[in-house]
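What's counted below: heavy atoms across the whole structure, side chains too, no hydrogens, waters or symmetry copies.
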Amino acid sequence: MSKAYKHLDMIAALFVTVLLISNVTSTKIVTLGPFTFDGGTLLFPLSYIFGDVLTEVYGYARSRKVIWLGFFSALLMSVTFIVVGILPPAPDWQYQTAYNQILGLTPRIVAASLVAYFIGEFANSFVLAKLKVVTHGRWLWMRTIGSTLVGQILDTAIFILVAFSGVVPNNLLWTLIVSNYLFKCGVEILFTPVTYWTTGWLKQQEKEDYYDINTDFNPFHSG
C-alpha cells in the first residue's frame with residue numbers, strides 16, 4: 001500500500017499555486033535595480049524550491065506526479081483565458097482590450113510556458129535525485145543549487161526564446177534571459193537556509209527521506 005503523508009498535498013497545492021500566479025504575472029516586464037525580467041520571476045523561483053523539497057523528501061516519482069499536476073493546471077488556465085478572450089463581451093462591458101492585453105494569451109506564449117516548465121522542472125528534479133544518491137544525501141546546498149542552475153537555464157532560455165524571438169529586440173531578448181536566470185538562481189541561493197529547515201522538518205514529520213536508487217526517471221512513466 002502507498003504510504004500516507006501528512007503534508008504532501010499541502011506542498012503540491014503550494015507548488016501549483018505559485019506556478020499559476022507566476023504565469024499570470026509574467027505578462028508584465030519590470031525593472032528592479034540592474035535586473036529586467038517578467039513579473040512572474042518574483043515568485044516563480046519558489047516553484048523550484050518546492051520542487052527541491054518534493055524530490056528531496058518524497059522522491060522523484062512523487063515529484064513527477066506533482067509536476068504533471070502543475071502542467072495540466074497551467075494548460076487548463078491558459079486555455080480558459082484564451083476561450084474567455086474569444087467569447088464576445090457583453091455590450092456594456094468596456095474592458096475587452098485590457099483583458100486581451102493582460103490575459104489574452106497567444107498559443108505561442110502558452111506553448112513556450114508549458115514546454116519550458118516541463119523541461120526545466122523535470123531536469124531540476126532529475127539532477128537533484130541523482131546527486132542525492134551520488135553524495136549519499138550529503139551537501140544539500142550543493143544539490144539544490146546545482147539542480148536549480150541546470151533547470152533554470154533550460155526553463156528561462158526556452159521560454160524567452162520561444163515566446164519573444166522576433167517580437168522584442170535581440171538585445172532585450174538576451175537581457176531578459178540573463179536577468180531572469182541570475183535573479184532566479186539568486187533567490188534559490190538566498191532561500192537555502194529555508195530549504196534546509198523545511199526539508200529537515202518534513203523528513204521528521206513524514207518519517208521519510210527517499211533515495212531514488214532504482215527509480216524509473218522517464219517523465220512519462222505513470223508509476
Enumerate, atom names and distances included, each donor-acceptor pair closer than 3.5 Å involving a side-chain atom of residues 9-22, sequence neighbours excluded.
from : atom 1 : to  : atom 2 : distance (Å)
T17  : OG1    : A13 : O      : 2.8
S22  : OG     : V18 : O      : 2.7
S22  : OG     : F44 : N      : 3.2

Q. Given a cutoff of under 4.5 Å between side-chain heavy atoms of I, L, V, M, F, W and Y, with clusters grown through shared members, what are the other residues clustered with Y211?
A. V133, I213
Using only atom types and a distance under 3.5 Å, with no angle test, would you say the side chain of [X] pairs donor to acceptor with the backbone of [Y]?
X	Y	result
S113	V110	no
R64	N218	yes
S179	L176	no
W68	P219	yes
R143	R138	yes
T135	L131	yes
Y196	W141	yes

Linked, directly or transitively: [X] and [Y] (ILVMFWY side chains, under 4.5 Å):
X	Y	result
L46	W197	yes
Y60	L8	yes
L76	L69	no
Y58	L128	no
F50	Y117	yes

Q | Residue pairs fulfilling salt bridge (charged side-chain N to carboxylate O under 4.0 Å, His left out) with at least one residue in residues 66-77, sequence neighbours excluded | A | none
Q: Could you tell me whether K132 and D209 make a salt bridge, using a distance below 4.0 angstrom between a side-chain N and a carboxylate O?
A: yes
Q: Taking the six-membered ring for Trp and the full ring for Phe, Tyr or His, determine whether the centres of F220 and F118 are under 6.0 Å apart.
A: yes
Which atom pairs, donor and acceptor, lie under 3.5 Å between side-chain atoms of residues 156-163 and protein residues at least two apart or in another chain?
from : atom 1 : to   : atom 2 : distance (Å)
T156 : OG1    : Q152 : O      : 2.7
T156 : OG1    : K184 : NZ     : 3.2

Q) Do we get R62 above Y210's six-membered ring, with its NZ or CZ under 6.0 Å from the centre and within 45° of the axis? A) yes
So which heavy atom on [X] is nearest to which on [Y], and how close?
X	Y	answer
L149	I153	O-CG2, 3.3 Å
G51	N124	C-ND2, 4.3 Å
V57	E208	O-CG, 3.2 Å
T144	T148	O-OG1, 2.9 Å

(Q) Applying side-chain contact (heavy atoms from CB on, under 4.5 Å) to S165 and R108, what does each step give before you reach the verdict? (A) CA-CA 11 Å; S165 290; R108 179 175 176 177; 3.7 Å; yes
Q) Around W174, counting heavy atoms of other residues, nucleotides and ligands shown, do more than 12 lie under 6.0 Å from its CH2? A) no
Q: Please assess T192 against I145 for the test side-chain contact (heavy atoms from CB on, under 4.5 Å), listing each intermediate value before the final yes or no.
A: CA-CA 8 Å; T192 295; I145 294 173; 4.0 Å; yes
(Q) Does V187 form a side-chain contact (heavy atoms from CB on, under 4.5 Å) with L190? I'd like the steps, not just the answer. (A) CA-CA 5 Å; V187 171; L190 184 65; 5.5 Å; no
Only pairs under 3.5 Å count here: list side-chain donor-acceptor contacts from residues 83-99, not counting sequence neighbours, and write none if there are none.
from : atom 1 : to   : atom 2 : distance (Å)
Q96  : NE2    : G85  : O      : 3.0
Q96  : NE2    : N100 : OD1    : 3.1
Y99  : OH     : F81  : O      : 2.9

(Q) Once salt bridge (charged side-chain N to carboxylate O under 4.0 Å, His left out) is applied, do any residues pair with E188, and if so which ones, sequence neighbours excluded? (A) none
Q. Between H7 and E206, is a side-chain contact (heavy atoms from CB on, under 4.5 Å) present by the stated rule, with each step listed?
A. CA-CA 8 Å; H7 303 291; E206 305 284 34; 3.4 Å; yes
